[in-house]
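We use all heavy atoms of the structure for the numbers below, so side chains are in, but hydrogens, waters and symmetry mates are not. Everything numeric here is computed off the predicted structure, so don't read it as measured data. When a ligand or atom number is given, it counts from 1 through the structure's own listing order.
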Amino acid sequence: MLIKNVHVNNQADLVDVQITDGQFTAIKAGIKVRPNEQVIDGQEKLLLPPFIDSHVHLDATLTAGQPEYNETGTLFDGIRIWSERKKSLTKEDVKRRAKQTIMKMVGHGIQHVRSHVDVTDPHLIAAQALLELKHDLKDQVDLQLVAFPQEGILSFPNGKQLMEQAVKEGLDVVGGIPHFEFSTEYGWQSVHFLMALADKYDKLVDVHCDEIDDPMSRHLEVLATEAYERQMGDRVTASHTTAMGSYNDAYTYKLFRLLKMSGLNFVANPLVNVHLGGRFDTYPKRRGVTRVKELDAAGINVSFGEDDVQDPWNPLGDGNMLDVVSMGVYVTHMMGYSQLQNSYKFVTTNAAKTLHIEDQYGIEVGKPGDCILLNEQNFYQTLNRHVEVLYNIRHGRVLAETIPAHTTLH
Ligand SMILES: [Zn+2]
């Protein structure tokens, strides 16, 4: 396949990109077309590596309103409503909804997804369903699955055994939810437990960590200490960390030293954080988002996720990472021109680091021929016009193609 005349990664120069046997084989101006080669006219548009959603819950997707809508908009009502819906889960139900959302994502240029899967279920129905789907859809998307204890590890019957069982059944990543455990002590113990479990089975870690507007929620320092002492930092991710938005600056200054030493990754979920955050405030209302700008400036890796697509925690959502980046740059005060131009990193290269797939990701000769063509010349204009992904290409094969809508003014 030959993609003609594109701006790769916002670069000013126009180049051609050639893919042979599923891999990038040449990236330069003026590549000659080979006999019978598929040619895509890049129209001087932006070519990026595929989008990555580094944090989503596919088991709960498309359940908004079942059995009721979350009218308070709190995390806790979301958990209560989901635990009701969970009672009627079947494998077919999970697979049908998750597949529908994944197909939306593929249409919007996503090829890598890290999905948390609720394992506080004695039958692990959702985990088994998504493991099957991961296999079924491997030609469209790389699915990384997190054993996520939605109702706690120490605070749920047989929580530890369920976590270990889920890991043994093949989930890729060990999760946690220390701020939701009954007590701070249980929270700490859950972090020690999940880190030991990941170490034992050689798994990645991604913890829902301090997703609460409580400045006393400080499990992040425990997770970072574990990551540092076990030298697992680049394999460990702290998701949400919204309490950091409420920490005082003196404590945060001290904390950042440890965060940098540990090499931990962070995921913020701007849409859902700003929606669920600040719900117990009158005025002033907090934004409920972690310190993305400061983490990024300190050289700490941060990526963005959509978190929820039409479920008890987010009634909206369309599997489009441009929505996520737009909210992200607004709510974190990252709207300088170069910040906007570079903001695609939160859903591409930074997310690849979070998912630990950097060696197989990016538009470089020798890497898998995965890329997306956006209907604008650079990412600033991509955000401005919220443009379509014209082509989503995986291993040199077109996964999805979009014809832009056309408006006629009278
Ligand atoms: Zn989440």
With a 3.5 Å cut-off and no angle check, do the side chains of Gln165 and Glu169 form a donor-acceptor pair? yes
So which N/O/S atom does Asp307 have closest to the Zn ion (ligand 1)? OD1
Please report, to 10°, the angle around the Zn ion (ligand 1) from atom NE2 (His57) across to atom NE2 (His55). 100°
For a distance under 2.8 Å, tell me if His116 has an N/O/S atom near the Zn ion (ligand 1). no
Looking at Glu221 and Arg218, does any basic side-chain N land under 4.0 Å from a carboxylate oxygen? no
Atom name in His208, limited to N/O/S, at shortest distance from the Zn ion (ligand 1): NE2
Please tell me whether His112 and Asp142 have a donor and an acceptor in their side chains that are separated by less than 3.5 angstrom. yes
Partner of His55 by side chain to side chain donor-acceptor pair (under 3.5 Å), out of Asp206, Thr354, Asp307: Asp307
